Amino acid sequence: GGAFVHPEKDLSIGLVIKNIGLVLQEYSPTSTSRLPFDVQVGISYKPAHMPLRFSGTVYNLSDYQIPYPGLQLADEKPSTLDKVMSHLNFGAELLIHKNVDILLGYNFQRHQELKLEGSGGGSGISIGALLKLRDINFSFSRSGYATGGAYQLSLNMNTKRILRRK
């Protein structure tokens, strides 16, 4: 992978190539395993004088088809827009304070795969918060699914600075 960080603006662009390789030995004679190769490009940008940071990720660039057959309805072919959107994730951060961020994300593919018939639900939508305290960052998020959600709590510490103080 690689990243470009603009020297003057709040702009970052990243490229990741995942799972390059091959299976050297199959575990059963009928198995035809292959690594889930993926190429992803992400961008993050914060306009000057605006308390918002926007981000987007394009994934499965190596496969232009809909990544998973679950996105197709039995009677209906997916539109071109559905095919394009199934490769995109969107996110935004509301920068309330230099130490507090509110996070919001949307994954179209997850929404299509996990929504219930007749209702959209919260699948594909993620919301969270980030709190920065000196050398420790706490983040809490919730990813929506049709029948509930998944919660994640993260703790990041700058151990180099903490150890240097002692």
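Residues take their numbers from the sequence shown, with the count starting at 1. What you are looking at is a predicted structure, and each value in this text was computed from that prediction instead of being measured.
Taken to the nearest 0.5 Å, the CZ atom of R134 stands 11.0 Å off from the CG atom of N158. Note that the CG atom of N60 and the NZ atom of K18 stand 8.5 Å from one another [nearest 0.5 Å]. Atoms NZ and CG, on K132 and D101 in that order, are 4.5 Å from each other to the nearest 0.5 Å.
In this structure, Y27 has no side-chain hydrogen bond (donor to acceptor under 3.5 Å, both in side chains) partners at least two apart in sequence or on a different chain. Partners of D10 under the salt bridge (charged side-chain N to carboxylate O under 4.0 Å, His left out) rule, at least two apart in sequence or in another chain, are R53.
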Q) Does the side chain to side chain contact (heavy atoms under 4.5 Å, CB included) test come out yes or no for L155 and F138, once each step is laid out? A) CA-CA 5 Å; L155 171 67; F138 295 100; 3.4 Å; yes
Q: Apply the test side chain to side chain contact (heavy atoms under 4.5 Å, CB included) to residues Y106 and L88: give CA-CA distance (whole Å), side-chain angles for both, the deciding distance (0.1 Å), then the verdict.
A: CA-CA 9 Å; Y106 179 68; L88 301 173; over 6 Å; no
Q: For the pair L52 and L94, evaluate side chain to side chain contact (heavy atoms under 4.5 Å, CB included) and give the outcome as yes or no after the intermediate values.
A: CA-CA 5 Å; L52 290 172; L94 176 60; 3.8 Å; yes
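Nearest heavy atom pair, residue F37 against residue I17, reads CE1-CG2, 3.6 Å. Of all heavy-atom pairs spanning V58 and L61, the tightest one is CG1-CD2, 3.2 Å. Of all non-hydrogen atoms in S86 and Y59, the two that sit nearest each other are O-OH, 3.0 Å. When every heavy atom of G21 is checked against every heavy atom of L35, the shortest pair comes out as C-CD1, 3.6 Å. In terms of heavy-atom proximity, E93 sits nearest to L103 at CG-CD2, 3.4 Å. In plain terms, the two heavy atoms of D82 and F108 that are nearest each other are OD1-CZ, 3.4 Å.
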Output side-chain donor-acceptor pairs under 3.5 Å for residues 39-51, partner residues at least two apart or in another chain, one line each.
| unit_1 | atom_1 | unit_2 | atom_2 | d |
| --- | --- | --- | --- | --- |
| Q40 | NE2 | D38 | OD2 | 2.8 |
| K46 | NZ | M50 | O | 2.9 |

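Side-chain contact between L131 and I136: absent, with no pair of heavy atoms (C-beta onward) separated by less than 4.5 Å.
Hydrophobic cluster membership is shared by I20 and L15, with clusters built from Ile, Leu, Val, Met, Phe, Trp and Tyr side chains linked at under 4.5 angstrom. Both L104 and F90 belong to a common hydrophobic cluster when Ile, Leu, Val, Met, Phe, Trp and Tyr are linked at side-chain heavy-atom distances under 4.5 angstrom.
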